[in-house]
Protein chains: 2
Amino acid sequence: MTLEEISRTRCFDGQQLRFRHRSGTLGCDMQFSVYLPPQASRAKVPAIWFLSGLTCTDENVMTKAGAQRYAAEQGVALIAPDTSPRGEDVPDDPDGAWDFGLGAGFYVNATQEPWSTHYRMYDYIQDELTTLIAEELPINPLRAGLMGHSMGGHGALVIGLRNPEKWASLSAFAPIVAPSQCPWGEKALGHYLGDDRDAWKAWDATELVRAGAAQKPLRIDQGEDDNFLAEQLKTPLFEHACADTGYEASIHYHPGYDHSYYFIATFIGEHIAFHAAHLRGSD
Amino acid sequence: MTLEEISRTRCFDGQQLRFRHRSGTLGCDMQFSVYLPPQASRAKVPAIWFLSGLTCTDENVMTKAGAQRYAAEQGVALIAPDTSPRGEDVPDDPDGAWDFGLGAGFYVNATQEPWSTHYRMYDYIQDELTTLIAEELPINPLRAGLMGHSMGGHGALVIGLRNPEKWASLSAFAPIVAPSQCPWGEKALGHYLGDDRDAWKAWDATELVRAGAAQKPLRIDQGEDDNFLAEQLKTPLFEHACADTGYEASIHYHPGYDHSYYFIATFIGEHIAFHAAHLRGSD
């Protein structure tokens, strides 16, 4: 069996599911979570993918964001992949730091040893997992939106901007918009991709916009009391790239909100409605 | 300072708060969580208390139930106490079991050593914490509803049925309705209260209804695929007591739903609306 079902729980008249499968791309077993709205019992539904942040697994957004209510209302599935390859064979940060290695795949294809064998989260999300889900679940692969949080916001923007034909709409909560210009990103890209900073540009949303990425519906929400805003997230770098190139992005700052799931929970209903509006008309 | 603020996070335009305080009733430091809706910045608001189940702390419902959206819409606060006394001096299950001791106070006043020194969760909820919150936070103590899950559903029903003048409305998700007649309850009441089963009756919602508890608005939701329904929760025992005594309770069974927070999240909006309707008219 291609997909092993780990759990199935009823939620808002739909199904909260968790699966395990063997990933050829990553060379390890992986888990992911899916919420199928009630409409999926009758027909294939559009899906919104949520890429999570540092230290998370596929479970965080499903248990903490309160997203299923909105997905059920809009008739869209939610898909949450894990944030890195997993398993005893998969190398981790040698110092055990939480911002690199396990739980911190940064959604790139690593080119440097020892990371390049397993750390290929870009290909995993963009190709292997989307194909597997289209084959095995009642989800329409031609109607897909992509969102994420923090490191996963970086992942959503990069994967979406590089593949505008596949993703109808993009959004992010508190994304790392310019990994080439912040400590988290410099550490990760340096290890996964090597010291040549030119090789980083294809994995940096701000650089992708400056290089002429195709226009897509794109929304970002950022809390003004987010402790990571100034040093790591640097939303204004993306805003400036959009302004300089004429890229239309809807960027919202929120006084008083921080980096937590309480922030995500507050605005995820608007994000799901944003994606659903674009997904309804996209095939 | 009576209340030490541990954290403050903006959520749905209100405030998600966590506090620490010294409990004289329990003889230890305690933590609890509060969600204040945006309306609380202008006036005192009604509150719904949520008592959690075995192994939980004050944090589970705040992070996993998706409740803040509904509380903000209805203009009610949410208050989540911890589930037992805490600290090195507090005795725990001698075998380290999760269904008794720490995280499993069962909302009773223990009469047996070594439990009676600290395990007084009934007095803590009913008197000490309600008084403290009325003094320190913008919450109207005359408009209070009480709900809970599993062991906390038991707690909500018992505390509410014993104190109808204080709690305007009662509700429970998958409550232990008859602790005198299930393994979890028999273990807990036997240790906390001793072997005399007559002493258990004041701590058993089914017995309280049979003894003529005053009518209050009361709602219960129960998943039919809940693994604990047959052996531990035994909802029909409460239904029969209501039928026999003419107590009007609104009891809803839901096919396919289990004991998890996915079940709570699905129906907590209806519970909050149920309480809010009664709290608006109650003073």
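In what follows, every chain begins at residue 1, and chains take the letters A, B, ... in the order their sequences are listed.
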Going from CG on D258(A) to CZ on R8(B), what distance comes out if it is rounded to the nearest 0.5 angstrom? 12.5 Å
Side chain, backbone, both or neither of Q15(A) within contact of chain B (heavy atoms, under 4.5 Å): neither
Please look at Y35(B) and chain A and tell me whether the side chain, the backbone, both or neither of the residue comes under 4.5 angstrom of a heavy atom of that chain. neither
Relative to chain B, which of Q68(A), R69(A), K64(A) shows the most heavy atom pairs under 4.5 Å? R69(A)
Side chain / backbone / both / neither for D13(A) at chain B, heavy atoms under 4.5 Å: both
Please state whether the side chain, the backbone, both or neither of T63(B) comes within less than 4.5 Å of a heavy atom of chain A. both
Looking at every non-hydrogen atom in both residues, tell me the closest pair between R10(A) and Y262(B) and how far apart they are. O-CB, 4.0 Å
Around atom CG of D92(A), are there more than 12 heavy atoms of other residues, nucleotides or ligands at under 6.0 Å? yes
Which bit of Y261(A) comes within less than 4.5 Å of chain B, counting heavy atoms only: side chain, backbone, both or neither? neither
Rounded to the nearest 0.5 Å, how far apart are CZ of F263(B) and CZ of F12(A)? 11.5 Å
Supply the atom-to-atom distance T266(A) OG1 to Q16(B) CD, rounded to the nearest 0.5 angstrom. 9.5 Å
